[in-house]
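Structure first, commentary second.
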Amino acid sequence: MQVSGTFLAFAVLSLLTIGGAVFMISFTRVVHMVISLGVTFLSIAGLFVLLEAEFVAISQILVYSGAISILMLFGIMLTKHDAKDEGVSKANKGWLSILVVAVFFVIAFWGIQSTPWVAPPDNAAAVQEDNATQLGVEIFTRFVIPFELTSVLLLVALVGAIILAKKEEDNE
Amino acid sequence: MEQLLQQSTSLSTVMMFAAGAVVLLLIVLGFVTYAIYFERKVIGWMQLRVGPNRVGPLGLLQTVADVAKLLLKEDTRPKHADKALFALAPVLAYAPAFAVLAVIPFTDTLHFADLGVGILYYIALSGITVLGVITAGWASNNKYSLIGGLRSAAQMISYEVPLVMSVVGIILMTGSLNLKEIVYAQQDVWNIVPQFLGFIVFIIAAQAELNRTPFDLPEAESELVAGYHVEYSGFRFAMFMLAEYVYMFGMGALVTILFLGGWLPIHPALDFIPPVVWFILKFSLYVFFQFWLRATMPRLRADQLMSFAWKGLLPLALVNIMLTAIFISYQSGMM
């Protein structure tokens with residue numbers, strides 16, 4: 001196998017991605033969990049950069065590392081800021097979880113292996129140069145209906161959240 | 001290891017990159033040192049005082065002495081603070097502040113990364129600093145710093161929205177997110193003229209992003225002692241201050257590029273003055289504006305701050321986007 005700078009960067013970033021996720025599960029304090037989740041989000045953005053999808057990488061940082069991590073921190077701090085997780089009992093769940101994880105791995109691996117990957121187009125250089133423009137054009141022409149449906153879905157979620165919060169306020 | 005470096009990039013190019021970053025860091029540190037000096041001097045003059053004048057000729061070495069004092073101080077940490085996060089927070093706050101400078105084109109030739117999505121890169125990375133600030137506030141285990149951290153995060157997130165929205169007008173006019181292209185598009189007229197509404201929104205939102213007067217609630221001395229960094233001392237405290245002033249450097253450069261025509265001269269006849277001088281002139285104007293505001297404006301109240309962002313600036317920015325879009329489609333003959 002050829003060891004190049006890209007490969008090294010991929011190894012480090014994927015290690016950070018998985019490491020952040022694993023620490024997120026094993027930490028007991030909620031704030032530590034969010035910070036390690038932030039590490040995962042940032043490393044995923046790095047992986048996008050390796051794939052030359054700059055716009056997606058920046059969106060990943062903007063939305064996940066920026067907005068969502070901070071939103072979670074806010075939620076934690078406004079409720080009880082020195083909360084400690086009780087710790088779920090780990091007994092007798094080992095075999096079952098290994099089985100579930102193994103099945104999931106097999107399915108995911110099989111899915112990746114059997115997907116017919118489209119060969120990169122000839123104008124790969126053009127894709128690199130201006131992928132923000134190309135993304136915009138694709139979204140507003142070919143994928144305009146899914147895009148609009150997603151925005152409606154998000155709006156519904158927003159209104160729903162407001163109604164739920166209002167209900168709790170009335171009960172008090 | 002040697003093979004590894006030779007495959008894609010050679011050792012000398014990597015060294016060149018590192019040297020470039022170090023030079024930029026030194027320039028930024030020099031800027032911060034004298035920005036603090038001039039801030040104190042200018043505010044002193046505005047308040048009919050002399051300002052620092054003891055250390056060195058005209059007090060020029062005052063900041064150097066202050067920094068030396070900071071670095072020699074004992075590094076204290078509260079007993080019940082969260083050890084790891086307390087150490088991590090200054091890094092989280094400072095690293096993005098320096099990283100955003102990578103996309104700033106100072107002149108046509110003097111720049112580092114020429115990223116296609118330059119403006120978004122700046123905005124996305126500056127969001128990570130909020131994470132550092134909120135972590136610092138929480139890890140200190142002090143109620144003042146927690147309140148300061150929460151205030152800061154709420155403020156920076158709220159004002160990030162109008163900040164991004166006000167730039168959309170420029171992006172529509174230029175048709176690109178690249179900072180160099182945005183400067184090239186201002187050959188005839190600077191963006192401050194056609195995008196005046198956007199400029200006003202941007203300047204106000206930038207002030208809040210920088211946590212500076214009149215939006216310095218996160219550090220309100222009289223209410224919160226010092227805000228999120230109250231428990232920090234010595235080098236770690238210096239990191240937070242440095243991050244703040246480096247953001248001022250970045251924001252000044254961004255305003256210059258987006259609205260004031262970057263390195264372009266004010267009139268083509270003045271072309272003989274080198275572009276970097278033009279850049280520094282416009283940039284200094286913004287920095288002076290900061291000091292002027294600090295000596296002039298009182299601090300806002302927390303609830304006024306939030307309603308101002310959501311009910312005042314955001315609709316204004318949206319109106320600006322609408323007007324720009326209508327104008328552009330009219331110009332290109334779609335209406």
Side-chain angles (χ1 to χ4, degrees), chain A residues 2-9 11 23 27 29-39 41-42 45 48-49 52-78 81-84 126-137, chain B residues 1 3-10 13-14 80 82-85 88-89 92 95-96 99 103 113-135 137-139 141 143 146-147 149-150 152-154 156-158 160-161 164 171 175-178 181:
Chain A
Q2 217 179 9
V3 180
S4 65
T6 319
F7 178 77
L8 196 74
F23 276 115
F27 277 144
R29 299 194 87 167
V30 203
V31 176
H32 292 184
M33 290 180 186
V34 176
I35 298 288
S36 59
L37 198 62
V39 173
F41 288 152
L42 274 181
F48 280 131
V49 171
E52 279 158 4
E54 284 165 4
F55 184 76
V56 185
I58 300 284
S59 315
Q60 164 83 17
I61 295 180
L62 199 63
V63 175
Y64 284 92
S65 319
I68 292 188
S69 309
I70 291 164
L71 195 71
M72 284 196 277
L73 278 179
F74 248 74
I76 293 159
M77 285 179 190
L78 290 181
H81 84 268
D82 45 18
K84 228 175 187 180
V127 174
Q128 278 176 33
E129 235 166 53
D130 220 0
N131 56 37
T133 319
Q134 289 185 341
L135 263 178
V137 169
Chain B
M1 196 69 190
Q3 272 182 332
L4 196 98
L5 286 169
Q6 275 167 356
Q7 273 183 359
S8 51
T9 51
S10 71
T13 49
V14 172
H80 294 292
D82 193 307
K83 220 179 201 172
L85 290 187
L88 183 70
L92 264 183
V103 286
D114 190 15
L115 220 59
V117 286
I119 174 83
L120 272 181
Y121 170 88
Y122 185 104
I123 289 160
L125 273 199
S126 65
I128 299 176
T129 294
V130 185
L131 210 60
V133 165
I134 207 169
T135 312
W138 185 82
N141 201 4
K143 53 182 173 293
L146 184 66
I147 294 172
L150 286 178
S152 179
M156 283 163 105
I157 292 171
S158 306
E160 211 172 84
V161 180
V164 178
I171 296 168
S176 171
L177 293 163
N178 186 313
E181 305 247 330

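Residue numbers begin at 1 in each chain, while the letters A, B, ... track the order of the sequences. Please read all numbers here as calculations on a predicted model, not as lab measurements.
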>> Does any backbone or side-chain atom of B/Ile134 lie under 4.5 Å from a heavy atom of chain A? Answer side chain, backbone, both or neither.
In response: both
> By a 4.5 Å heavy-atom criterion (distance strictly below it), what part of B/Leu88 contacts chain A: side chain, backbone, both, or neither?
Replying inline: side chain
> So, for B/Ala124 and A/Ile61, which heavy atoms are closest and what is the spacing to 0.1 Å?
Replying inline: O-CG2, 3.7 Å
> Of all of B/Val130, B/Ile157, B/Leu85, which one pairs up most often with chain A through heavy atoms under 4.5 Å apart?
Replying inline: B/Leu85
> Side chain, backbone, both or neither: which part of A/Ile58 has a non-hydrogen atom closer than 4.5 Å to chain B?
Replying inline: both
>> So for B/Ala84, is it side chain, backbone, both, or neither that comes closer than 4.5 Å to the heavy atoms of chain A?
In response: neither
> Between B/Thr135 and chain A, which part of the residue has a heavy atom less than 4.5 Å away: side chain, backbone, both or neither?
Replying inline: side chain
> Above 12 or not: heavy atoms from other molecules or residues under 6.0 Å from OH of A/Tyr64?
Replying inline: no
> Looking at side-chain heavy atoms only, is the closest gap between A/Leu42 and B/Ile128 below 4.5 Å?
Replying inline: yes
>> If I take atom CD1 from residue B/Ile123 and atom CG from residue A/Leu62, how far apart are they, to the nearest 0.5 angstrom?
In response: 7.5 Å
> If every non-hydrogen atom of B/Leu131 is compared with every non-hydrogen atom of A/Ser69, which pair is closest and at what distance?
Replying inline: CD1-CB, 3.9 Å
> Given that the side chain runs from C-beta out, which part of B/Leu120 has a heavy atom under 4.5 Å from chain A: side chain, backbone, both or neither?
Replying inline: both
